[in-house]
Amino acid sequence: MLASKQPKAKNCKNPDCRDSFVPQRLGQSVCSPKCGLAIKDVNQERARKSLAQVERSEIKVRKEKLKSRADHLREAQAAVNEYVRLRDAHLPCISCDSTPNDNDLMTGSRWDAGHYRSVGACPELRFEPLNIHRQCVKCNRNLSGNAVEYRIRLVLRIGAEKVAWIEGPHEARKYSVDEIKAIKASYREKTRELKRAAA
Ligand SMILES: [Zn+2]
Ligand SMILES: [Zn+2]
């Protein structure tokens, strides 16, 4: 029996057409040469976009390579500070007990993550979360950290023993760039975890 199978109608692949048509040859996916051209343009546009994406990520890689050690330190510090601000989001300023409601919900002013021992005075503790607490901008910037008040509340918050440890001597730390990057990555992850937990 020579019952040739009647090809089944399909819909044109051109998203602007979608007309039903009966394929005349194997693998035909569009109804007409015109739709074929239209699809070709789309595919070229897609190829162009993915090329642009590759270029963007290459630029990113090059920029990453150009970053100095100081850039990496700054980025890692920003990641740790962001984590601290979120960790302490429910707590008042470490130095003056002000809360967001007191001074900045209306003005939208930011909160800082303030070091108890400053980065300059004790770089060994620049990434130590026990040494960093959420602090109002006024205490951190205008009052240079408001250290005496900071200490009083720090003892209440983490205990005298840990404060003594912070105030004690610390071995010099010389982070490699890879270590600094790892710190940044780990604190970004901690921040994501906190956000997930809060959601
Ligand atoms: Zn078509
Ligand atoms: Zn304050």
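Numbers here simply count residues along the sequence, with the first being 1. Counting convention: from 1, in listed order, for ligands and their atoms alike.
- The Zn ion (ligand 2) forms the vertex of an angle spanning SG of Cys136 and SG of Cys93; to the nearest 10 degrees it equals 110°.
- The distance from atom SG of Cys136 to atom CG of Asn146, rounded to the nearest 0.5 Å, is 8.0 Å.
- You'll find the ring centres of Tyr187 and Phe127 outside the 6.0 Å limit.
- Geometrically, Arg85 does not engage Trp111 in a cation-pi contact, judged by NZ or CZ lying under 6.0 Å from the ring centre and within 45° of the ring axis.
- Among pairs with a residue in residues 134-154, those fulfilling ring-ring contact (aromatic ring centres under 6.0 Å, His included) read Tyr116-Tyr150, at least two apart in sequence or across chains.
- The distance cut-off of 2.8 Å around the Zn ion (ligand 1) captures these protein N, O or S atoms, sorted by chain and number: Cys12 SG, Cys17 SG, Cys31 SG, Cys35 SG.
- Of the options Ser29, Pro15, Cys17, a side chain to side chain contact (heavy atoms under 4.5 Å, CB included) to Ile39 is made by Pro15 and by none of the others.
- Going from atom CD of Glu82 over to atom CZ of Arg188 covers 7.5 Å, rounded to the nearest 0.5 Å.
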